[in-house]
Each structure stands twice: as C-alpha cells, then as structure tokens.
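The block underneath contains the structure these notes are about, expressed in structure tokens.
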Amino acid sequence: MDIPTLQKLVPLHGVPMAIEIAENWETVEQFQAKSDDLVISTYPKAGTTWASEIVDMIYAGGDLEKCCRDTIYNRVPYLEARIPGMPTGVEQLAVAPSPRLLKTHLPIHMMPNSFWEKNAKVIYVARNAKDVAVSYFFFHQIVKAMPDPGPWGVFLDNYMEGNVSYGSWYEHVKGWWEKRNDHNILYLFYEDMKEDPKREIRKMLHFLEKDMSDDIVEKIAYHTSFDIMKTNDMANYKTIPNELLDQSTTSFMRKGIAGDWKNHFTVAQNEKFDEEYKRKMSDTRLHFRSEI
Ligand code: A3P
C-alpha cells in the first residue's frame, strides 16, 4: 500500500487541482467519450455517491444484488482520478463495459470535448453552498491525501475564496447551470432529492428514457436512502483502507441532511457568508435552498 503524500494543489485552467490530476491532465483531456456514456457530475460533496448509487440501480433494473457486484468507485469510475497504487479513472473506463457510468467533479469548462461531440448525457447534482462547505471540511479530515483544512473558520474562508480542490463552488454550480440547455444535461438538487427522492428518481428515469414500475422506484429509493446506504459496504467507502480514508472519527456517510451547516457556522460566519453569497450569485437566477 502506497501511503499517500499530502495533496498539493496547482492551478489548471484557472482552477486549483490536485497535482496528481494536473500531471495526468492530457489523458483526461483526450478521453474518448461514447454516446451511451452517462456522467454524474458534481462539485465535491454534493451527493455524487448517492446519485451514482441511484443511477446504477436504475441501470440494474432495481436489482440490488447486481449493484452489490462491486464497490461504488468501481461501478462508477471517477474520470479524472489518479490515486497512487490504483488504476486511474481513465484506465478503469478503458476496460469498462458499455453503457458506462462515470463520475466527475470537473467544472464544465474543463470537461473533455468528446462528451459534447458524442452528446453524452450528464446528470449534474448541485447542493447548497453551506452544507457543501461543512461536508468538504470533514472530508478533508478523513482523506489522508487531502491538504490540511486547518480550523473550520480558516477552511471556510478558503472555500469562499475558491481556494480549495476544484475551486469555487459558485463558478462550478453556475457554469453547469448556464450550459444546461446547450448539452444533454439534467440539473438536479440534493435538497430536492432529500425532500422527495422518488420524484427525483422519476426525473432521472425520464431523462434516461427508461420506464419503471412504482414498486421498483420505491425499491430504489429505499436502498439508496442514507440509512441503508450507510450500512452498505458496496456504497459507503468502508472498503477503502484506513491509510487512505480514515473513517474512525467521521464517516464518509456522515449526516446526509440539508441544513447541518447551522450546527457549524457561527452567527458572524453566516452573515459574512450571506453577504458574499449575494454578491457572487447576483448574476444568476440559480436558486438554492439551504434547508428544507
Ligand atoms: P454529509 O457530509 O453532509 O453527510 P459526495 O458523494 O459527493 O462525496 O457527497 C457526500 C455527501 O453526501 C455526504 O454529506 C454524505 O453523507 C451525503 N450522502 C451520501 N449518500 C447519501 C444519501 N443516500 N442520502 C443523503 N445524503 C447522502
């Protein structure tokens, strides 16, 4: 087992990215998409794993056993991933049978062109900025290779500045939102998925041109609920060794709610955040709910 070294962030197309990804960029940029690929795209911590599990269950016709064939990170490879001692996302995808499912956290301007040339479908999941900040902070603590986030207040400032891996949440959610009608993109919200998972699963089915009975939709919603996924070792990242992902203090499947930010933001942090948010979101009609 290669013990990971602390991840260094370097600018790539104007976005702070892990040096391992930047060094491997050519192979990602030249990735050959297929027209039947399905991409799950998110800013980190917006519900990637949840959406991935739902989509894999849809592709498996609701058959849970099929979804337990492998871990979520093998069933839905991470396009730009480059983790020492493991096959890269591009290598995994090269041998994955079609139709391929894949995930990415790339801002839209960094997506390999072939996805647009092939008109591949993308499900984008967005989550409110405050809950993402909290979730990302805890994630930095459990992923051994991630940069030290420092204390919460320091991390929050860096996050607001876009000075974290994958850069600015604002640019990410707005970038994908603005282009959603130019490409084959279904734009969903984590909070909507929490509020009514079956409704959002049906949106996915419609987008994927698939039809399923209410019973199967119910089954998918049940098996992809937070409590069930938390105990499913094929979905909860428990199979990743402690040296890479240390879940002894916080689980990857941490809380899975909308509004946990209220337990972490001070009044002053919240006021500063809201002011900044207003300014940075003044040029869009994209609207988020930070509680439901
Ligand atoms: P929290 O840290 O707020 O709990 P990603 O998969 O993009 O890394 O996102 C991880 C976040 O999604 C974590 O948020 C995790 O708990 C939450 N999550 C994962 N599966 C979920 C589910 N089935 N329902 C709700 N939230 C889920």
Side-chain angles (χ1 to χ4, degrees), residues 18 39-58 64 67 71-73 75-81 83 89 101-107 123-143 145-146 149 152 155-156 159 164-166 169 172-173 176 188-201 204 219-240 244-247 249-265 288-292:
V39 183
I40 292 145
S41 170
T42 61
Y43 186 84
K45 311 320 290 173
T48 332
T49 315
W50 187 11
S52 299
E53 190 67 17
I54 292 175
V55 169
D56 191 47
M57 277 209 85
I58 290 175
L64 184 64
C67 296
T71 60
I72 191 65
Y73 46 88
R75 284 179 282 139
V76 183
Y78 177 8
L79 173 65
E80 64 272 21
I83 299 161
L101 297 175
L102 59 127
K103 79 164 196 185
T104 182
H105 295 311
L106 293 174
I123 295 180
Y124 185 84
V125 182
R127 185 183 192 186
N128 79 80
K130 292 177 183 174
D131 280 330
V132 167
V134 171
S135 184
Y136 212 5
F137 174 65
F138 283 103
F139 190 62
H140 276 72
Q141 296 180 346
I142 66 171
V143 179
M146 289 204 91
W152 160 241
F155 177 80
L156 184 60
Y159 171 80
V164 290
S165 187
Y166 290 101
W169 173 92
H172 206 284
V173 296
W176 279 92
L188 297 177
F189 295 91
Y190 179 96
E191 294 74 22
D192 292 349
M193 288 165 62
K194 272 309 290 185
E195 184 178 65
D196 190 343
K198 284 188 272 179
R199 179 188 63 207
E200 301 308 301
I201 291 170
M204 292 186 197
K219 189 176 171 193
I220 294 174
Y222 174 76
H223 285 291
T224 57
S225 66
F226 182 80
D227 290 344
I228 299 296
M229 268 181 66
K230 194 176 166 78
T231 61
N232 175 358
D233 284 351
M234 292 299 113
N236 62 15
Y237 284 84
K238 287 261 170 73
T239 42
I240 301 216
L244 295 177
L245 191 77
D246 181 359
Q247 302 198 53
T249 49
T250 309
S251 301
F252 175 85
M253 298 289 294
R254 197 183 59 88
K255 277 209 177 163
I257 59 169
D260 185 43
W261 62 271
K262 289 185 200 160
N263 298 315
H264 299 277
F265 279 62
F288 283 87
R289 293 187 290 165
S290 38
E291 55 191 303
I292 50 172

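Keep in mind it's a predicted model, so treat the numbers as computed, not measured. Numbering of ligands and ligand atoms starts at 1, following listing order.
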How does Phe138 reach ligand 1, by side chain, by backbone, by both or by neither, if only non-hydrogen atoms under 4.0 Å count? neither

The closest protein heavy-atom partner of atom 15 (C) of ligand 1 is Phe252 O, 3.8 Å

Verify whether one side chain among Glu80 and Thr104 offers a donor that lies under 3.5 Å from an acceptor in the other. yes

Any donor-acceptor N/O pair, Tyr136 side chain to Ser165 backbone, under 3.5 Å: yes

Phe139 touching ligand 1 at heavy-atom level, < 4.0 angstrom: no

Which atoms of ligand 1 sit under 4.0 Å from any heavy atom of Ser225? 23 (N)

Quick test: of every protein heavy atom, which one is nearest to atom 1 (P) of ligand 1, and how far off is it to 0.1 Å? Ser135 OG, 3.4 Å

Which of the atoms of ligand 1 are close to Lys255, meaning less than 4.0 Å from one of its heavy atoms? 4 (O), 16 (O)

Backbone, side chain, both or neither: what part of Thr224 comes under 4.0 angstrom of ligand 1, heavy atoms only? backbone

Ranked by distance from atom 8 (O) of ligand 1, the top protein heavy atom is Lys45 NZ, 2.8 Å

Interatomic spacing from CE in Met193 to CZ in Phe226 - rounded to 0.5 Å: 13.0 Å

Tell me if a side-chain donor or acceptor on Trp176 pairs with a main-chain N or O of Pro107 at a distance below 3.5 Å. no

Between His105 and Tyr78, ring centroids under 6.0 Å: yes

Judging by distance only, is a nitrogen or oxygen of Thr48 under 3.5 angstrom from one on ligand 1? yes

Element-labelled atoms of ligand 1 that are located less than 4.0 Å from some non-hydrogen atom of Thr49: 5 (P), 6 (O)

Using the ring-ring contact (aromatic ring centres under 6.0 Å, His included) definition, which of the options Phe265, Phe138, Phe137, Phe139 pairs with Phe155? Phe137

Any nitrogen or oxygen of Met253, main chain or side chain, under 3.5 Å from a nitrogen or oxygen of ligand 1? no

For atom 14 (O) of ligand 1, which candidate among Arg127, His223, Met229 holds the nearest heavy atom? Arg127

Determine, for Lys238 against Asp233, whether the closest basic-nitrogen to carboxylate-oxygen distance falls under 4.0 angstrom. no

Assess the pair Phe189 and Phe288: is the distance between their ring centroids shorter than 6.0 Å? yes

Are the side chain of Lys194 and the backbone N or O of Gly256 linked by a donor-acceptor pair below 3.5 Å? yes

Are any of the N/O atoms in Gly256 less than 3.5 Å from those in ligand 1? yes

Identity of the nearest option to atom 26 (N) of ligand 1, non-hydrogen atoms only, from Tyr136, Tyr237, Phe137, Tyr190: Tyr190

